[in-house]
Amino acid sequence: MSLRHAVLGLLADRRASGYDLMKLFETSLAHVWSATQSQVYGELGKLADADLVEVSAEGPRGRKEYGITAAGRAELHRWLTEVEPVRTRRSDSLLRVFFLGELTPLEARTYLLNEAERSARQLAGLRQAEAAIDWDEDALSAHGRLALEYGKRLSEMHEEWARWAVEQLKP
């Protein structure tokens with residue numbers, strides 16, 4: 001997924017300023033795709049140059065509100081329907097599991113238990129975010145709940161796996 005398509009997807013739902021987009025990233029996409037303020041503002045400039053978004057309103061202190069153009073919607077649609085998602089995943093934490101034999105049994109167990117605890121904290125954070133979000137009935141909220149549920153289940157599975165893996169290690 002690219003930042004370009006994340007911004008287009010958010011603007012397809014509603015017009016927003018760069019500040020508004022950052023808030024949307026923090027409350028809806030942060031667990032899926034993170035972005036910094038400079039990345040979002042830079043991408044808005046690139047999207048505007050490519051005529052995929054346009055400034056729909058200007059406010060005080062140079063605040064600009066952006067809306068997606070017909071070309072932007074077409075690009076988002078093309079990406080959603082024609083571009084195969086990147087499924088190759090590198091996992092630094094799982095790569096380390098392959099080399100746990102280089103550690104003492106205590107270090108290996110400690111590593112796996114830390115992974116379990118990290119996943120438990122991540123799950124707790126996702127549950128907290130879920131409770132704090134003011135869900136609407138719009139498509140972005142409905143599909144955001146699907147992505148959030150994926151994150152919750154993945155975190156829960158990872159924690160369960162790490163605790164199981166500790167039991168599989170030889171003493």
Side-chain angles (χ1 to χ4, degrees), residues 1-13 16 18-47 75-136 138-171:
M1 181 170 135
S2 72
L3 178 58
R4 166 173 286 226
H5 297 102
V7 171
L8 287 173
L10 290 173
L11 290 174
D13 184 59
Y19 176 82
D20 297 333
L21 287 170
M22 284 307 303
K23 290 299 175 195
L24 285 169
F25 264 96
E26 291 169 9
T27 60
S28 65
L29 294 179
H31 300 288
V32 177
W33 191 263
S34 62
T36 65
Q37 182 176 348
S38 62
Q39 289 172 321
V40 169
Y41 280 95
E43 193 60 45
L44 282 170
K46 292 175 192 174
L47 290 168
E75 169 56 21
L76 181 60
H77 186 268
R78 182 198 67 76
W79 177 76
L80 286 167
T81 60
E82 298 175 19
V83 177
E84 185 69 24
V86 176
R87 291 188 172 87
T88 305
R89 184 173 171 182
R90 291 181 176 176
S91 171
D92 185 50
S93 63
L94 195 53
L95 179 61
R96 291 168 193 246
V97 171
F98 277 92
F99 304 117
L100 287 179
E102 297 299 314
L103 301 177
T104 67
L106 177 60
E107 289 172 325
R109 281 184 171 71
T110 299
Y111 174 77
L112 290 168
L113 289 172
N114 286 338
E115 283 294 293
E117 290 303 315
R118 183 193 59 76
S119 293
R121 286 189 306 273
Q122 185 174 4
L123 178 58
L126 289 170
R127 287 180 173 151
Q128 190 175 35
E130 181 179 38
I133 293 172
D134 186 20
W135 297 103
D136 292 327
D138 62 2
L140 190 60
S141 286
H143 300 122
R145 282 194 288 270
L146 294 176
L148 182 67
E149 184 63 27
Y150 174 84
K152 287 172 25 188
R153 291 179 186 207
L154 188 61
S155 296
E156 189 171 33
M157 183 280 306
H158 191 259
E159 179 187 2
E160 181 182 314
W161 168 83
R163 294 189 191 287
W164 170 85
V166 167
E167 299 302 319
Q168 305 310 303
L169 295 177
K170 294 179 183 174

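These numbers come from a predicted model, not from an experiment.
Taken to the nearest 0.5 Å, the NE2 atom of H5 stands 8.5 Å off from the CG atom of L47. In this structure, Q39 CD and L3 CG are separated by 6.0 Å, a value rounded to the nearest 0.5 Å. Separating the OG atom in S93 from the CG atom in N114 is a distance of 12.0 Å, to the nearest 0.5 Å. Separation of atoms CD (Q128) and CZ (R121) is listed at 13.5 Å; rounding is to 0.5 Å. Atom CG of L94 and atom NE2 of H158 lie 7.0 Å apart (nearest 0.5 Å). Rounding to the nearest 0.5 Å places OG of S119 at 9.0 Å from CH2 of W161.
You'll find the side chain of M157 stays beyond 4.5 Å of the side chain of E160, heavy atoms only. A 4.5 Å side-chain heavy-atom check between L112 and L100 finds at least one atom pair inside the cut-off. L44 places a side-chain heavy atom less than 4.5 Å from the side chain of L11.
Every residue meeting the salt bridge (charged side-chain N to carboxylate O under 4.0 Å, His left out) condition with E149, not counting sequence neighbours, appears here in chain and number order: K152, R153. Among residues two or more places apart in sequence or in another chain, the side chain to side chain contact (heavy atoms under 4.5 Å, CB included) test is passed with L106 by T104, T110.
One finds a salt bridge joining R118 and E115 here, because a Lys/Arg side-chain nitrogen approaches an Asp/Glu carboxylate oxygen to under 4.0 Å.
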Can you give the donor-acceptor pairs under 3.5 Å from side chains of residues 162-171 to other protein atoms, not counting sequence neighbours?
{"from": "R163", "atom 1": "NE", "to": "E159", "atom 2": "OE2", "distance (Å)": "3.2"}
{"from": "R163", "atom 1": "NH2", "to": "E117", "atom 2": "OE2", "distance (Å)": "2.6"}
{"from": "R163", "atom 1": "NH2", "to": "E159", "atom 2": "OE2", "distance (Å)": "3.3"}
{"from": "Q168", "atom 1": "NE2", "to": "W164", "atom 2": "O", "distance (Å)": "3.4"}

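Of all the heavy atoms in A35 and V40, the pair that sits closest is CB-CG2, 3.8 Å. Shortest non-hydrogen contact noted between L126 and S155 is CD1-OG, 3.8 Å.
With Y41 contributing its side chain and Y19 its backbone, the two residues share a donor-acceptor pair below 3.5 Å.
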Using salt bridge (Lys or Arg N to Asp or Glu O under 4.0 Å), reason through R78 and E75 one step at a time and then give a plain yes or no. CA-CA 5 Å; R78 182 198 67 76; E75 169 56 21; 2.8 Å; yes
